[in-house]
Each structure stands twice: as structure tokens, then as C-alpha cells.
Amino acid sequence: MTELADPSKLLYKAVTYQTKATPLALTEESISLVKANGSYNVSTDDILIEIHSAALNPVDMLWHRASNWMVGSNQKTLGRDYAGVVAKVGANLSGKYSVGDKVCGVITEKFGIGTVAQYLVLNPTKNPGIVKVPTDVKLSFNELAAWPLVLNTAYNMLELHGATKPVGSSSNILIIGGATACGQYLIQLAKVAYKVKTIVTVNSGSADDFVKLLGADYTIDYTKHKNIAGPVAKIVQDELGGEKFQFVFDCAGNSDLFPKIDNVLKSKKEGSAVVTIVGDKKPDYETYTFTHALSLGFIKKNIKSKLGLGSLNYSFSMAGPNAEWCKRAMGLFEEGKIKITVDSAYSLEDFSKAVDRLATNRARGKVIIEVKKDQV
Ligand SMILES: NC(=O)c1ccc[n+]([C@@H]2O[C@H](COP(=O)([O-])OP(=O)(O)OC[C@H]3O[C@@H](n4cnc5c(N)ncnc54)[C@H](OP(=O)(O)O)[C@@H]3O)[C@@H](O)[C@H]2O)c1
């Protein structure tokens, strides 16, 4: 922490941008502290976190690309996921947090604060995706930063699918994009927390062993098929004894199944659902924008499903952290039931290499920025 001659200011480095026209840059920022009871602190409802590790998500690139005139040209910091240590505690939070607490989480604020920074001032009430890491959870800061957004996304899909029956032991589920970071947690949660009957995943052949280790029962290599509808139907017939899927979870943006989805998906009456976090098109991170998902087919499916028309229960799931899910995740980490995968780690100075790695769409697990090197 660089304390200035003016003790009310804290200087730190962060990866920032103002609009989609300004490139990401490592800049020097400052936090204003307030004097209370003879010392300088954050505001009453905030905590100051010294970040050790931050993880990148595709949405970080999306927010940057989406920063047009409507969101203003204020300084914005990259990143949503973080792990670090509490450095200051606002007066109203003194019973809840202490200096030295290890914390991790995902921030919900979008066009302002970010986590690829040495310090983060956070209002925990406005950011429910914060967790105080129990001492029994023996994870590194890199690992602690690698799960919050994607694991909450997986819980969102498994819990808020809108089907009449929950995900459970009688469910066959299909995960398209099983090797994506979100898919990895879907597989593991479905297996250990929801105890589903069968998990079929769609991934490249190179990820086959990886997803099977996580819990996939059968896999389909999308690189070997122009359209996955045929191989999915074959698995239903050959491996599932003709029993269709109750849930299709799409983390890759694949619409191959829709023309004949009744062949592989149970009826809405039987409690089925299709949940996507991407839409109908595979994202190309170079040209990725907010509108990439908005094909006519995607809009039609959404409207029809919302109006209760047709036989398909379909929804687009938006990640929102949930304190209860974060708590459950900590329990699973503590018991060693969920594996966290880090693809690669870069220093703060090398942030652009981390962004490039994420943009390849080939990362297996999270791309991490080690903001503070002394990892524990
Ligand atoms: N709506 C929401 O709330 C929300 C939240 C989080 C993420 N998302 C979106 O969900 C998508 C996944 O995010 P993520 O962070 O989990 O991704 P990620 O980890 O960055 O995805 C990388 C993985 O994608 C797999 N992949 C690449 N092309 C594929 C394809 N055509 N079909 C299947 N798998 C493919 C690759 O594995 P292989 O070896 O199998 O190719 C690679 O390991 C992104 O589009 C992201 O924007 C949405």
C-alpha cells in the first residue's frame, strides 16, 4: 500500500479503460479514505480488500466492448472475480469483517470498480457474492479467485431453470461445452450435489479425459461432427436405453438440437428445460458484443417459452451471485468434493497476455492475474 504524504489517499495500480475506444492499460489509481477516530478508513459500509489474485471471464471483454456513450466515460476497472485479504473495515461492518480476513468473490457492479487491481473498495451488502474463506479451506489465492462467477453461473442454471421438476437423481443431463469453466462446475455440481443419473457432455476430444475425471459419463466430440443432433440422439438410444434428457445446459452457444429437440428432450410436462448462458451462436471473442446472442430463433424461443406457448421450456440464464450458493461451494471445497482448475497465471504487468489467452477460447479452467505475487 503506497501511503501518500496526504494520508487520505491510497495509490494503487489497476487495469483500466474508459470506453470501448480506449485500450486496456495498467494505470495508477487512488482511493480516498476518510478520517474517523484519529485514523484513515474506508466509508462506514465498505471494506478495503488487498487483492492477491483476480480471474478473467469472457464477460470482462464484453463489458469493455459494451462501454459506449450510454455507460459514460468514467474510469472503469477490468475484472469481476477476486481473492485477497481485508485491509480496512468500515465502522458499520466491524463485527462482520476484520483486518486480515481472507475473502474471495465476484462483484456485481459493472461499469466502475473491478478486480484486476491492487485494491478494491467493496460494499458487501451490494455485493452478496463475497465469502470469508473458512480456515479449513486450503486453497491458494489463484484457486480462490477461479470459481466465484462460473460456479454461481452453474448454480443459476441448476436451480433457476423454470422446469416443474428439480435437477436430481432421475435426471439425465446434457452439458454442451462441458470443458468450459462454467461447464466444469455444472458437471461437478450435478454429480456430487444433485446426484444426477447420467451426464453427457459435448467437448473437444482433447478435453475428453478431463471432463470424464470431473464426472461426465459419456462425451461427444464436437470437432468430429458438423451437427451434434445425430450423436446426441445416438447416445440417447445406445447408452440411455432410449430415456431422453430432462435438462440441456448450453455453455457454448449451440443450436443444432432445436429442429428436432423432442427426439432427445423429455416433454415440458415431464419437467424438462433447456438453459443457455450464451444463446444460439458460438461466441467469437474477437467480435463478441452484447447482441451476439440475438438471433431470430433465440428471441422466438424466449418469447414463446415466457408466454407458456409450445412444448419447449427455454431460458437464457444470467449470472447473479448468491450468498447461499457461495456458502455451499465453500462446504464442497472444504470436503474436497469439487476441483478448481486454473488454466494459466500472469503477472499484473502481463495482463494483456492473460486477455489474449482468454480470447483464444481454448483456456481449460480460469485465466488468473496474480496481482500480488506472494501466493499462499
Ligand atoms: N449468461 C451468463 O450469466 C454467463 C456467465 C458466464 C459465462 N457466460 C458465457 O458462457 C460461455 C462460456 O464461458 P466460460 O468462462 O465458461 O468459457 P471458457 O472457460 O473461457 O471456455 C473455454 C472452453 O470452451 C470450450 N469450447 C470452445 N469452443 C467450443 C465449442 N464450439 N463447443 C463446446 N466447447 C467449446 C473449450 O474446450 P474444448 O476443448 O472442449 O473445445 C475451452 O476449454 C461464454 O460465452 C461466456 O460469455 C455467460
Side-chain angles (χ1 to χ4, degrees), residues 55-66 79-81 106 108 110 129 145-161 174-189 200-212 214 216 219-228 231-232 248-257 275-294 298 302 315-322 325 340-344 354-368:
L56 293 182
N57 287 282
V59 72
D60 299 325
M61 295 191 279
L62 192 55
W63 293 137
H64 183 199
R65 297 238 165 80
R80 314 247 71 79
D81 281 329
V106 50
T108 45
K110 293 175 184 74
W147 66 271
L149 188 143
V150 283
L151 194 142
N152 273 284
T153 300
Y155 263 126
N156 251 290
M157 297 172 88
L158 289 159
E159 291 280 329
L160 306 179
H161 42 67
L174 174 68
I175 300 172
I176 306 175
T180 62
C182 296
Q184 293 168 26
Y185 291 111
L186 271 174
I187 297 172
Q188 297 186 85
L189 289 174
V200 179
T201 63
V202 177
N203 47 267
S204 75
S206 69
D208 230 53
D209 291 345
F210 175 70
V211 294
K212 282 185 175 152
L214 296 180
T219 59
I220 293 164
D221 181 351
Y222 70 85
T223 65
K224 292 207 172 117
H225 303 278
K226 270 203 171 136
N227 187 309
I228 61 164
V232 170
V248 174
F249 296 119
D250 180 17
C251 305
N254 187 312
S255 55
D256 292 352
L257 298 179
V275 184
T276 182
I277 53 168
V278 181
D280 275 358
K281 286 190 246 164
K282 292 174 187 62
D284 165 7
Y285 294 150
E286 298 299 322
T287 54
Y288 197 33
T289 65
F290 269 122
T291 52
H292 89 275
L294 297 180
F298 171 78
N302 263 293
S315 61
F316 179 76
S317 168
M318 278 295 283
N322 172 305
W325 298 340
I340 295 175
T341 305
V342 169
D343 172 81
S344 46
V355 174
D356 289 347
R357 174 63 187 155
L358 182 72
T360 61
N361 204 6
R362 300 261 65 85
R364 186 149 304 151
K366 281 280 123 207
V367 176
I368 299 287

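Whatever order the structure lists them in is the order used to number ligands and atoms, beginning at 1.
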Discussion item. Is it the case that ligand 1 has an N or O less than 3.5 angstrom from some N or O of Ser204?
Written reply: yes

Response to the item:
Contact region, Leu149 to ligand 1, non-hydrogen atoms below 4.0 Å, reads side chain

Discussion item. Test your reading of the model: is there a side-chain donor-acceptor pair from Asn322 to the backbone of Asn152, 3.5 Å cut-off?
Written reply: no

Worksheet entry | Under the side-chain contact (heavy atoms from CB on, under 4.5 Å) test, residues paired with Asn57 that sit two or more places apart | Val59, Asp60, Asp81, Leu149, Val150, Lys366

Item to complete: Pick one of side chain, backbone, both or neither for how Val278 approaches ligand 1, counting any non-hydrogen atom pair under 4.0 Å.
Response: side chain

Practice prompt. Considering the heavy atoms of Ala252, write down every atom of ligand 1 situated less than 4.0 Å from one of them.
Written response: 32 (N), 33 (C)

Item to complete: Compare all side-chain heavy atoms of Tyr185 with those of Thr180 and state whether any distance is below 4.5 angstrom.
Response: no

Worksheet item: Under 3.5 Å, is there a donor-acceptor pair between the side chain of Asp250 and the main chain of Val278?
Response: no

Worksheet item: Can you tell if the side chain of Asn203 reaches within under 4.5 Å of the side chain of Phe210, non-hydrogen atoms only?
Response: no

Fill in: Sidechain-backbone polar pair: Asp256 side chain, Ile228 backbone, donor-acceptor under 3.5 Å
yes

Worksheet entry | Proximal atoms of ligand 1 relative to Ala363 (non-hydrogen, under 4.0 Å) | 22 (C), 23 (C), 42 (C), 43 (O)

Worksheet entry | Shortest reach to atom 2 (C) of ligand 1 by a heavy atom, considering only Gly320, Gly365, Ser317, Gly279 | Ser317

Discussion item. Does any N or O of ligand 1 fall below 3.5 Å from an N or O anywhere on Val59, backbone included?
Written reply: no

Fill in: For Asn361, the ligand 1 atoms whose distance to one of its heavy atoms is below 4.0 Å
21 (O), 22 (C), 23 (C), 24 (O), 27 (C), 28 (N), 36 (C), 42 (C)

Discussion item. To check you understand the geometry: which heavy-atom pair defines the closest contact between Asn302 and Ser315, and what is its length?
Written reply: OD1-CA, 4.3 Å

Worksheet entry | Set of residues satisfying side-chain hydrogen bond (donor to acceptor under 3.5 Å, both in side chains) with respect to Ser204, sequence neighbours excluded | Ser206

Item to complete: Could you see which bit of Cys182 sits under 4.0 Å from ligand 1, with heavy atoms only: side chain, backbone, both or neither?
Response: both

Worksheet item: Which of the atoms of ligand 1 are close to Met318, meaning less than 4.0 Å from one of its heavy atoms?
Response: 3 (O)

Worksheet entry | Sub-4.0 Å heavy-atom approach of Thr276 to ligand 1 | no

Worksheet item: Checking Asp280 side chain against Ser255 main chain: does a donor-acceptor pair fall under 3.5 Å?
Response: no

Worksheet item: So is there a nitrogen or oxygen of Tyr222 less than 3.5 Å from a nitrogen or oxygen in ligand 1?
Response: yes

Worksheet item: Taking non-hydrogen atoms only, is Ala179 closer than 4.0 angstrom to ligand 1 via side chain, backbone, both or neither?
Response: both

Worksheet item: Where the closest heavy atom to atom 21 (O) of ligand 1 is concerned, which of Thr180, Asp221, Asp343, Ile277 has it?
Response: Thr180

Worksheet entry | ligand 1 atoms in contact with Asn203 (distance to a heavy atom under 4.0 Å) | 40 (O)

Discussion item. For Trp325 and Tyr155, take the angle between the two ring planes, folded into 0 to 90°, and tell me which bin it lands in: parallel under 30, tilted 30 to 60, perpendicular over 60.
Written reply: parallel

Worksheet item: Using heavy atoms and a threshold below 4.0 Å, how should the contact between Thr153 and ligand 1 be classified: side chain, backbone, both, or neither?
Response: side chain

